[in-house]
K.L.:
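Please see the structure below; I have some questions.
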Amino acid sequence: MDKFVINGRNKLYGEISVSGAKNAAVAIIPAVVLADEPCVIENLPKIKDVSVILSILKHMGAEVTFIDGDESRVRIDPTGITSHKVTCDKLVGDMRASYYLLGALLGKFGKALVPFPGGCSFCERPINLHLKAFETLGAACNILPTHIELMSDKLEGRQIYFDVVSVGATMNAMLAAVKVPGKTVIDRAAKEPHIVDLANFLNSMGANIKGAGTDVIKIRGVERLHSCTYSIIPDQIEAGTYMAAVAAAGGNVLIKDVIPEHLDSITAKLRDTGTIVEEYDEAVRVIREDELKSCNVKTMPHPGFPTDMQPQFVALLSTAHGRSRVMECVWESRFSYIPQLRKMGADIIENGNIAHIYGKQDLCGAKVHALDLRAGAAMVIAALAAYGTTEISDIRYIERGYEKIIEKLSSIGADIRRVTYKENVDE
Ligand code: EPU
């Protein structure tokens with residue numbers, strides 16, 4: 001077992017580069033299943049979730065080759081995928097986004113049999129809206145004890161209305177509909193940058209998708225999807241996490257390879273804390289010299305403040321002067337990591353979907369767990385700001401979504417290292 005050991009209070013200086021977006025990559029890779037020719041995907045993040053979804057595709061019969069041995073560029077030939085059944089249960093159960101295989105296989109074969117997805121389980125994560133979209137297009141959905149089965153005689157373009165805005169259901173509806181005859185309209189679609197990225201990728205293969213990034217996405221089904229070379233957008237949440245890390249630790253860091261517009265809501269909230277954020281074409285500079293000020297945050301679907309930055313901001317605001325209020329409005333509950341922050345001295349009271357944070361500047365190192373990907377990122381941020389040494393266990397969650405986090409943070413002056421330990425010896 002490995003853990004991160006962080007000695008806090010080092011200010012951060014220098015430059016850091018952001019990798020490709022996890023939540024775009026994990027949808028775009030399954031989307032290749034729909035292609036009738038090989039595709040090249042570039043700017044892939046080197047993270048666990050990407051290697052798992054690539055392994056699943058290989059297991060299904062796709063040929064997966066890294067170009068010149070570079071793991072950020074992959075050629076995927078899906079022509080060897082001849083079955084709608086996914087049999088690698090363990091791999092599928094390792095990640096949430098394996099549910100995109102449902103839409104992709106339904107779109108390709110008119111049927112799908114996929115094991116239940118796994119992934120970060122900070123709260124219940126239903127897929128009823130995904131199934132509703134498939135049913136609207138004409139599929140019958142059966143929930144079996146260990147699998148989800150989709151069957152259809154004939155799929156047809158229709159109007160899909162979501163009463164809750166869902167990233168995954170919007171993506172899955174696009175995947176299922178892209179080759180379906182007629183016109184599909186997705187009403188109350190999610191608008192996250194990765195929705196637009198998936199639509200751009202599918203359009204690069206010859207799909208006809210309009211309106212991605214707005215509430216209404218219109219899709220005209222096409223018969224074939226051809227080869228393409230496509231570069232994934234930078235990871236909004238990885239960028240936001242490093243912005244919050246600099247704000248927490250103090251310092252002056254240029255965060256490169258980002259799309260500043262994707263960071264608008266994060267930038268606005270950081271500015272509320274007194275952190276300086278300068279925007280350039282493809283970079284942001286974050287400067288924090290003075291004491292942080294408290295602020296209130298409410299998570300919302302894009303373009304609102306992203307829920308995937310909520311734990312990192314709660315960690316940050318734990319070190320700010322005054323009382324902050326963070327309201328979680330996307331997930332029913334996403335505060336299970338707060339007791340871990342309390343071990344470091346954070347003063348936070350939860351009340352339903354609201355966290356009241358009484359900031360203090362003297363968080364102290366402790367032994368904590370990364371309960372999930374973003375909760376783990378929050379522990380790293382708190383540890384960078386805290387006095388003394390923090391040991392974070394269960395780092396496999398963090399490594400699902402952050403490429404080379406140790407190398408990146410060390411390069412800007414953080415004292416962070418990975419150590420291997422025997423379970424239960426020092427816990
Ligand atoms: N919802 C339903 N029914 C559904 C689907 C969702 O009621 O069928 C509800 C959820 O319970 C939640 C809300 O809709 O309250 C939004 O969920 P959404 O479907 O948008 O989430 P998701 O697609 O499963 C993706 C990201 C999450 C991120 C959310 C919200 C991926 C692989 N995951 O999940 O990312 O929190 O969107 O932005 O794209 C992460 O990266 O750490 C992560 C958890």
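Reckoned from all heavy atoms, side chains included, excluding hydrogens, waters and symmetry mates. For ligands, and for the atoms within them, numbers begin at 1 and follow the listed sequence.
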K.L.:
How far apart are the C-alpha atoms of Lys46 and Glu71, what are their side-chain angles, what is the distance that settles it, and do they pass the salt bridge (charged side-chain N to carboxylate O under 4.0 Å, His left out) test?
P.N.:
CA-CA 7 Å; Lys46 288 167 226 143; Glu71 280 178 62; over 6 Å; no
K.L.:
If you measure every N/O of Leu129 against every N/O of ligand 1, is any gap under 3.5 Å?
P.N.:
yes
K.L.:
Need the ligand 1 atom indices (1-based, order shown) with element for anything under 4.0 Å from a heavy-atom of Thr307.
P.N.:
30 (C), 36 (O), 38 (O)
K.L.:
Please identify which atoms of ligand 1 are closer than 4.0 Å to at least one heavy atom of Val330.
P.N.:
12 (C), 13 (C), 15 (O), 16 (C)
K.L.:
Are any of the heavy atoms in Arg334 under 4.0 Å away from ligand 1?
P.N.:
yes
K.L.:
Applying a heavy-atom cut-off of 4.0 Å, say which part of Glu332 lies close to ligand 1: side chain, backbone, both or neither.
P.N.:
neither
K.L.:
Do the ring planes of Tyr99 and His130 sit parallel (below 30°), tilted (30 to 60°) or perpendicular (above 60°)?
P.N.:
tilted
K.L.:
State whether Phe313 and Lys269 meet the cation-pi test: NZ (Lys) or CZ (Arg) under 6.0 Å from the six-membered ring centroid, and within 45° of the perpendicular axis.
P.N.:
no
K.L.:
Show which atoms of ligand 1 fall inside a sub-4.0 Å distance from at least one heavy-atom site of His130.
P.N.:
8 (O)
K.L.:
Just by distance, do the side chain of Ser98 and the backbone of Pro117 share a donor-acceptor pair under 3.5 Å?
P.N.:
no
K.L.:
Could you tell me which atoms of ligand 1, counted from 1 in the order shown, lie closer than 4.0 angstrom to a heavy atom of Gly168?
P.N.:
19 (O), 23 (O)
K.L.:
Only one of Thr170, Asp215, Thr214 forms a side chain to side chain donor-acceptor pair (under 3.5 Å) with Lys191, so which one is it?
P.N.:
Asp215
K.L.:
Just heavy atoms, cut-off under 4.0 Å: does Met171 contact ligand 1 by side chain, backbone, both, or neither?
P.N.:
neither
K.L.:
Checking Asp235 against Lys22 for the salt bridge (charged side-chain N to carboxylate O under 4.0 Å, His left out) test, could you report, in this order, the C-alpha distance in whole Å, the side-chain angles of both residues, the deciding distance, and whether it holds?
P.N.:
CA-CA 6 Å; Asp235 196 306; Lys22 168 181 97 75; over 6 Å; no
K.L.:
I'd like to know whether Tyr397 forms a side-chain contact (heavy atoms from CB on, under 4.5 Å) with Ile392, so could you lay out the CA-CA distance, the side-chain angles of the two residues, the decisive distance to 0.1 Å, and finally the verdict.
P.N.:
CA-CA 11 Å; Tyr397 290 113; Ile392 307 175; over 6 Å; no
K.L.:
Which one holds for Val165 and ligand 1: side chain close, backbone close, both close, or neither close, with close meaning a heavy atom under 4.0 Å?
P.N.:
backbone
K.L.:
Counting only heavy atoms, which portion of Asn128 has something under 4.0 Å from ligand 1: side chain, backbone, both, or neither?
P.N.:
both
K.L.:
So is Thr170 touching ligand 1 or not, going by heavy atoms under 4.0 Å?
P.N.:
no
K.L.:
Please confirm whether Val167 comes within less than 3.5 Å of ligand 1 when only nitrogen or oxygen atoms on both sides are compared.
P.N.:
yes
K.L.:
I'd like to know if Asp372 pairs up with Arg374 as an ion pair, taking the criterion as any Lys NZ or Arg NE/NH1/NH2 lying under 4.0 Å from an Asp or Glu carboxylate oxygen.
P.N.:
no
K.L.:
Taking only heavy atoms of Leu373, which atoms of ligand 1 are found under 4.0 Å from at least one of them?
P.N.:
42 (O)
K.L.:
With a 4.0 Å cut-off on heavy atoms, does Arg96 reach ligand 1?
P.N.:
no
K.L.:
Quick test of your reading of the model: are Glu279 and Arg285 salt-bridged, counting only N-O distances below 4.0 Å?
P.N.:
no
K.L.:
At a 4.0 Å cut-off, with the gap strictly under it, does some heavy atom of Lys22 reach an atom of ligand 1?
P.N.:
yes
K.L.:
Mark the output for Pro126 as yes if a heavy-atom distance to ligand 1 is under 4.0 Å, and as no if none is.
P.N.:
yes
K.L.:
Quick one: does Arg374 get an N or O within less than 3.5 Å of an N or O on ligand 1?
P.N.:
yes
K.L.:
Any salt bridge linking Lys85 with Glu149? Criterion: basic side-chain nitrogen under 4.0 Å from a carboxylate oxygen.
P.N.:
no
K.L.:
Please determine if Asp36 and Lys179 form a salt bridge, counting it only when a charged side-chain N lies under 4.0 Å from a carboxylate O.
P.N.:
yes
K.L.:
Is it true that Arg334 and Asp308 have a side-chain N and a carboxylate O under 4.0 angstrom from each other?
P.N.:
yes
K.L.:
Specify side chain, backbone, both or neither for Tyr397, according to which of its non-hydrogen atoms lie closer than 4.0 Å to ligand 1.
P.N.:
neither
K.L.:
Check whether any N or O atom of His194, backbone or side chain, sits under 3.5 Å from an N or O atom of ligand 1, and answer yes or no.
P.N.:
no
